[in-house]
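First the structure, in the form of structure tokens, and then the observations on it.
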Amino acid sequence: MSSDKLEKGYEPHAVEKRWYDYWQKEGLFKAEDKSSNPAYSIVIPPPNVTGVLHIGHALVNTLQDILCRYHRLKGENVLWMPGTDHAGIATQNVVERKLAEEGTDRHQLGREKFIEAVWEWREKYGSAIINQLKRLGASCDWDRERFTMDEGLSLAVRKVFVQLYEEGLIYKGDYIINWCCRCHTALSDLEVEHEDLDGHLYHIRYPFADGDGHMVVATTRPETMLGDTAVAINPEDERYRDLTKASVILPLMDREIPIIKDTYVDTEFGTGALKVTPAHDPNDFDIGNRHNLDRVKVIGEDGRMTDEAGKFKDLERFECRKALVKALKSKGLLEKIEPLRHGVGHCYRCKTVVEPNLSKQWFVKVKPLAEKAIESVKTGKIRIVPDMWTKTFYDWMYNIKDWCISRQIWWGHQIPAWTCTACNQVVVAMETPAACTACQSTDLVQETDVLDTWFSSALWPFSTMGWPEKTPLLGTFYPTSVLVTGFDILFFWVARMMMMGLHFMKEVPFTDVFLHALLRDEEGQKMSKSKGNVVDPLDIIEKYGTDALRFTLAAFTAQGRDIKMSEKRVEGYRNFINKLWNAARFSLMHLDRGYDHLDNATISLPNKWILSRLTQVCQKVAEALDNYKFNDAANAAYQFVWHEFCDWYVEAAKPALYDKLGNDQKEETKKVLWFVLRDILVFLHPIAPFVTEEIWQKLPGSQGSVSKAIYPDPDSYCSSPVLDEVAEKRMSMISQIISSIRNIRGEMNISPSIELEVIIQSDNGESKSVLRQQEKLICTLARLKTLRTEAPGKKPRTAATAVVEDATVFVSLEGIIDFARESERLNKEINKVGKEMAGLTRKLNNEDFLKKAPGDVVEKVKQKHETMMEKEHKLQATLDRISRIQA
RNA sequence: GGGCGGAUAGCUCAGUUGGGAGAGCACCGGCCUUACAAGCCGGGGGUCACAGGUUCAAGCCCUGUUCCGCCUACCA
């Protein structure tokens, strides 16, 4: 094959499209429902159907793709299950915004028409993110794509709801929930983001009912006082020990409310008197239950004051606060206002301040479910990687509270519950019941609320595989192998999947959980559209290619640390991809056929060496991926390909390939080059699928797609063991000698075009013989005219000197040597050696070290010390000689 | 309030049975050497946050301190 088939630089775009289409056409991502090969499965964390691919998606899906491709190379039957999430609130918001632009709203449309509009929207725009995942190279089994609102998944949701209800694990009731006045729905505790804000603590006088004096309560939300039904004090509070009054008059409302005693009240805070508003505070709600207090709801679902708020009725809640403070002031009931920084809850979707509000909602009783999830982690059935999250997981699970699952929106799974208008009986069933189970009335009204989107996501690992049917797919792929996701949804999603999986499948949903870090911008700030610091993966792909992006993401996924991302970083890996491309371009110039067997018993040193290094890097990459150490895998691959294969092997192979060492050497080297390049393509394929496929297709003798190759094991095609420490040690000496000559050239300012004459002296027979064998190689790589290897003897008069192991290298500089410069250089070298020796000497002078350290360690230090001594000695002798010549 | 993580070269970070302090980028010097200037060759640069302790030996283990970041929580 001639080189003109490969462009001079790698051009990713056409390549990416071509091979992605080819993979799909060939069905290379298809999983088999049943197979004799080991199963490996991952379910994708379903992106919001409204989403566009952001860098976080790019990361999580790159990691999954790396794993899936790697396991395919290992011959496993891989299922990567794709799909999207209906994202109730987010999607409804998007469609409502669109309706607003059209001058209408969902209420005008009505529920049915609105749902239709959402489906239309979904048909039109819902596949955007799926297509973007394809550009990322994601090797999902697309024929199996699922959507949380699909019929099958909806059936699963209903089934789960009904069963949990029947088991008493789902209940409906009046409780304080987090209410978003803008999204007009309840939120679970997790959907509330707490942020510390500067607010005020208002001290308000509540006059005693008998008209004799007052007590002072403190609150951050004075508007809730309109709904107060008691004032509470701690029975232990000294300040109120002698208090005989039984009630106060609620200011502005002129309602008499009791003074009650409850140990919940913190005597350290405020005045020690707590206003109790059972309808608008979770703690007050509990107190209210303990003391049988009325619940007066003064803030409505729209964020405006209710009829119960008296003259403040219809005021927006924060307006009401202002008006109320003013009113209190004018009546002299406001004792003081203190600044106070305190946590305020916000809606995770729209950032509106959340209102704790009394409301009738559906809940899941999670404690019993959580216990099993905890146990499965404790017993190691599920492993969380990195391990540091395990503790966080336990902390949350031990303190878990019931999960509010009903949402007052329209887009989602409508709760399968019906209320009989005749007798108020609630009927929960899979299908619309014909008649009330209690009174047989046919006048039943279905619950209008829908379920939290996470409720359906929690079923994802088995609902996507056909549950509640017992499908072959479930049999083969459940439990899945690993779940890859960000730690930010450990509670939202991961924990809930565990609970649901264990309850309904009686088996964990996955055996490993890999939690990746969060991506930030280069300053470490969270990326957000409003900050304008987002890195758009599609832009990156346009500019640098998908493989470069993937490589970057993999290389920066060190466990347990946030990833600071910037374009600059991608550039380096783009260069790497291009380097690989050019190395392949060079290789293909010399390769005309493929091979299936390598007789490696008697091959040349560079050939032995590269195979030995290859086998190690293959193992290292595999081991890293087995342990989710993506950065180790990427770096090991990078280091080997660039700095061993390209920098040394390709250069070392040139004399043979250019026919300077005879035909046997040429053929042997072609063969080794072929195997090494082929294996590189395979072990790089999971990280850089496109460029490896492109090269693979041009590699003579390759078959099919690289994604169907077998993960490399050089021992499998070599006649003798590949790992060769002797060859590595010898090659190391050769490369050090070459580097030392290059160093002299650089430091002495000798033009690369001048070919040097070198004499190497050594009293080690083996070294001499190796050096003589590799004479041609050294001459080529160090650009030498002549190289003589001899026993120590007469030193050349005008030469620069380097010491490598047992060899002394003399670079003849007849006529061009600058003695001052050489002295300086030698001094620097001696200094370096001296520093290194100091530490070694200190150890060897320490009796305790010699006595207590393990023998092999002592031996190593001794040997190193000796080598260093000798090196210093030789360098010093040279320096002395030069000084004499100079003088 | 509780918990977790981080502090290593100018920058971003690797560094798990404690025994050689590393990479990428940036920087300096030299090169268009027939795969690659998206490149090649050479080079400089670090009391591993601070203070103690364990050990023959500590970036790594223990204790404390300072500074950052995150998660979590019902102090109104």
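In the text below, chain A, chain B and the rest are named by the order of the sequence lines, each starting its count at 1.
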Between [Y] and [X], is the closest basic N to carboxylate O distance under 4.0 Å?
{"X": "A:Arg205", "Y": "A:Glu335", "answer": "yes"}
{"X": "A:Arg321", "Y": "A:Glu223", "answer": "yes"}
{"X": "A:Arg221", "Y": "A:Asp281", "answer": "yes"}
{"X": "A:Glu338", "Y": "A:Lys336", "answer": "yes"}
{"X": "A:Lys543", "Y": "A:Glu571", "answer": "no"}
{"X": "A:Lys670", "Y": "A:Asp592", "answer": "yes"}
{"X": "A:Lys832", "Y": "A:Glu836", "answer": "no"}
{"X": "A:Glu355", "Y": "A:Arg317", "answer": "yes"}
{"X": "A:Arg821", "Y": "A:Glu824", "answer": "no"}

Nucleotide nearest [X] (side chain, heavy atoms from C-beta), chosen from [options]:
{"X": "A:Lys579", "options": "B:C41, B:G24, B:C36", "result": "B:C36"}
{"X": "A:Ala583", "options": "B:A35, B:U12, B:G5", "result": "B:A35"}
{"X": "A:Lys568", "options": "B:C4, B:A26, B:A38", "result": "B:A26"}

Scoring nucleotides 69-76 of chain B by protein non-hydrogen atoms under 4.0 Å (B base, S sugar-phosphate only, - none) yields -SS--BBB
Letter by letter from the 5' end, nucleotides 54-60 of chain B scores (B base, S sugar-phosphate only, - none; protein heavy atoms under 4.0 Å) --B----
Less than 6.0 angstrom separating the ring centers of A:Tyr638 and A:Tyr573, yes or no?
yes
Q. Reckon A:Lys8 has a side-chain N or O less than 4.0 Å from the OP1 or OP2 of B:G39?
A. no
Less than 4.0 angstrom between a side-chain N/O of A:Arg574 and OP1 or OP2 of B:A38, yes or no?
no
Value in whole Å for how far the [atom2] atom of [N] lies from [atom1] of [X]:
{"X": "A:Trp581", "N": "B:C36", "atom1": "CH2", "atom2": "P", "value": "14 Å"}
{"X": "A:Lys564", "N": "B:G6", "atom1": "NZ", "atom2": "P", "value": "14 Å"}
{"X": "A:Asn578", "N": "B:G39", "atom1": "CG", "atom2": "P", "value": "8 Å"}
{"X": "A:His643", "N": "B:A23", "atom1": "NE2", "atom2": "P", "value": "9 Å"}
{"X": "A:Tyr10", "N": "B:A37", "atom1": "OH", "atom2": "C1'", "value": "21 Å"}

When you compare the protein's N or O atoms with those of nucleotides 43-46 of chain B, which come within less than 3.5 Å of each other, and at what distance?
residue	atom	partner	partner atom	Å
B:G43	OP1	A:Asn743	ND2	3.0

Does A:Phe640 have A:Lys620 sitting over its ring (NZ/CZ under 6.0 Å from centre, angle to axis within 45°)? no
TODO: Under 4.0 Å between any heavy atoms, over every strand shown, what does A:Val861 touch: base, sugar-phosphate, or nothing? Just pick one.
DONE: nothing
On RNA chain B, more 5' by nearest nucleotide between A:Val650 and A:Gly746 is A:Val650
